[in-house]
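Presented below is the structure to which this report refers.
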Amino acid sequence: MYSEKVIDHFTNPRNVGEIENANGVGQVGNAKCGDIMRITLDIENNIIKDIKFKTFGCGAAVATSSMVTEMVKGRTVEDALEISNAAVAEALDGLPEAKMHCSNLAADAVHAAIKDYMEKKTKV
Amino acid sequence: MKRIYLDHSATTPVDPEVAELMLKYFLEYYGNPSSVHFFGRQVKKALEEARMQVAALIGADFSEIIFTSGGTEADNLAIQGTVKARANKGKHLITTAIEHHAVLDTFKYLAKSGYELTILPVDEEGLVSIDQVNNAVRPDTILISVMHANNEVGSVQPIAEIGKIARKNGIIFHVDAVQSLGKLPINVVKMNIDLLTISGHKIYGPKGVGALYVRKGIKISPLIFGGSQERKVRSGTENAPGIIGFGKACELAGQRMEEENPELIRLRDKLINGILNTIDSVKFNGPMGDKRLPNNVNVSINFVEGESLLLSLDMIGIAASSGSACTSGSLDPSHVLLAMGLSHEVAHGSLRFSLGRQNTEDDIDFVLQELPKIVDRLRSMSPLYNKAN
């Protein structure tokens, strides 16, 4: 049902955890639907220097979270904003149809964290 | 890798004795039981023997057994067949919130076409109260349907008492006993049951065969028309190998139940207590003791999600199931757990182990050794667990 890449990212998730003093924090989903993703960012000079995730959810939710951290780490904020949920799913060699809508929120979580970073920056 | 199967409420392996018998009815005795010739007569005889074996396990007469394609068809036949046969007697139907979808969705379909439906709630242990059944009964109630034992949390309902209420009020009483057959004693006479659904593949018999017990004198309308098989209630050439295998499985279940149950219960309780003692923030679902199926374990592991648990268990060879939405193909978690008052979050973290004949002490020890590690790993990734600490 899941691709090998999904199983790999579920079994050995990359960048799990929470960055202390993160300058961007984003959380999407809710426990009611069964998926919560929390992304913390360390952005310096417009570059995502570090990213970590914590996820409550199914195999697809964990794998997309892990994959998106790999996709945006070291990239510019603008590049990261261009990455879509669909692109994350594609990078994992696809997700089962039922998972495309409910558990494929990782890019949204990154975008939410960047939005948080931008808002903080304008306040300072 | 050693594989440990702990999903017997989903399905069971076919007993070798059953499979061996069935094989003959594919290869040697292949006649159509409706045929007059030798080939047909041979199979007809075996079919009627199977009918007696099935009837014996539930305390029925062989003439009261209608073979179907499985539990789902038997549920549909019981409900739709009763409603059609009693259309002029009333429009009110009663069932419970924790029925299998084969029952619940059939009732919901009827509710859309003009019938009035009362769905009884359950308490936090997944049990229906007799008072609530009594209060729900109306002069125009024509059918009450309550499952014997719940497939997810193993709660065993007070069937005989509910049957008494139904009988007293002249209401047809249907019981889905797919999960309890072969695990709990069933006597349709003593339990005041009019219609009883059973299935082959949950009792080490084949898939694709089940039966509906129809008490003598109760009229139900057929859903499938054709060659008038099964006393015109269920047309279609009989699934002879399946029915004969089902009969054998019933015979074996009847012989083994008493001997197997104490061991199942011992392993069940060891698994329940082991999980509760080794993992924190776990909610035990369903009743303890006699009101629980001998083979059912159901827990909610807080802060983690069920499908992640299942995937992780599967990777080390353990097969279980979950009431999480992610395993049901819908966005909502188990309707049974929600009806018992669990929050969505807790229901998403539910895990069911259903034990069977071939499980050993070693199997349970292995689960108890590995599950805490899996939970630790998933919780270390969970944003909910952080907040709780």
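Values reported hereafter were calculated over all heavy atoms of this structure, with side chains retained and with hydrogens, waters and symmetry mates removed. Just so it is clear: chains get the letters A, B, ... in the order the sequence lines come, proteins before strands, and each one is counted from 1.
- The shortest side-chain heavy-atom distance between A:Ser66 and B:Met381 does not fall under the 4.5 Å cut-off.
- At most 12 non-hydrogen atoms from other residues, nucleotides or ligands lie less than 6.0 angstrom from CD of A:Glu20.
- Here the shortest heavy-atom pairing between B:Pro383 and A:Thr55 reads CD-C, 3.3 Å.
- Annotation: the span from A:Phe56 atom CZ to B:Asn302 atom CG amounts to 9.0 Å, rounded to 0.5 Å.
- For A:Glu90, the CD atom is loosely surrounded, since the number of other residues' heavy atoms within 6.0 Å does not exceed 12.
- Annotation: the span from A:Asn30 atom CG to B:His344 atom NE2 amounts to 9.0 Å, rounded to 0.5 Å.
- The nearest pair of heavy atoms linking B:Arg377 to A:Pro13 is NH1-CD, 3.5 Å.
- Enclosure of atom NZ in B:Lys2 by more than 12 non-hydrogen atoms of other residues, nucleotides or ligands within 6.0 angstrom is indicated.
- Shown here are the ring-ring contact (aromatic ring centres under 6.0 Å, His included) partners of B:His8, two or more places apart in sequence or in another chain: B:Tyr5.
- Within a 6.0 Å radius of NZ in B:Lys373, other residues, nucleotides and ligands contribute more than 12 heavy atoms.
- Contact of B:Ser343 with chain A is not made at all, since no heavy-atom distance falls under 4.5 Å.
- Not a single ring-ring contact (aromatic ring centres under 6.0 Å, His included) links B:His100 to another residue, sequence neighbours left out.
- Contact detail for B:Ser308 and A:Val62: the closest heavy-atom pair is OG-CG2, 4.3 Å.
- Across A:Cys58 and B:Glu307, no two heavy atoms sit closer than the pair CB-OE1, 3.1 Å.
- Looking at A:Thr11, the atoms closer than 4.5 Å to chain B (heavy atoms on both sides) sit in the backbone and in the side chain alike.
- Interface remark: A:Tyr2 contributes side-chain atoms only to the contact with chain B (heavy atom separation under 4.5 Å).
- At most 12 non-hydrogen atoms from other residues, nucleotides or ligands lie less than 6.0 angstrom from CG of A:Asn45.
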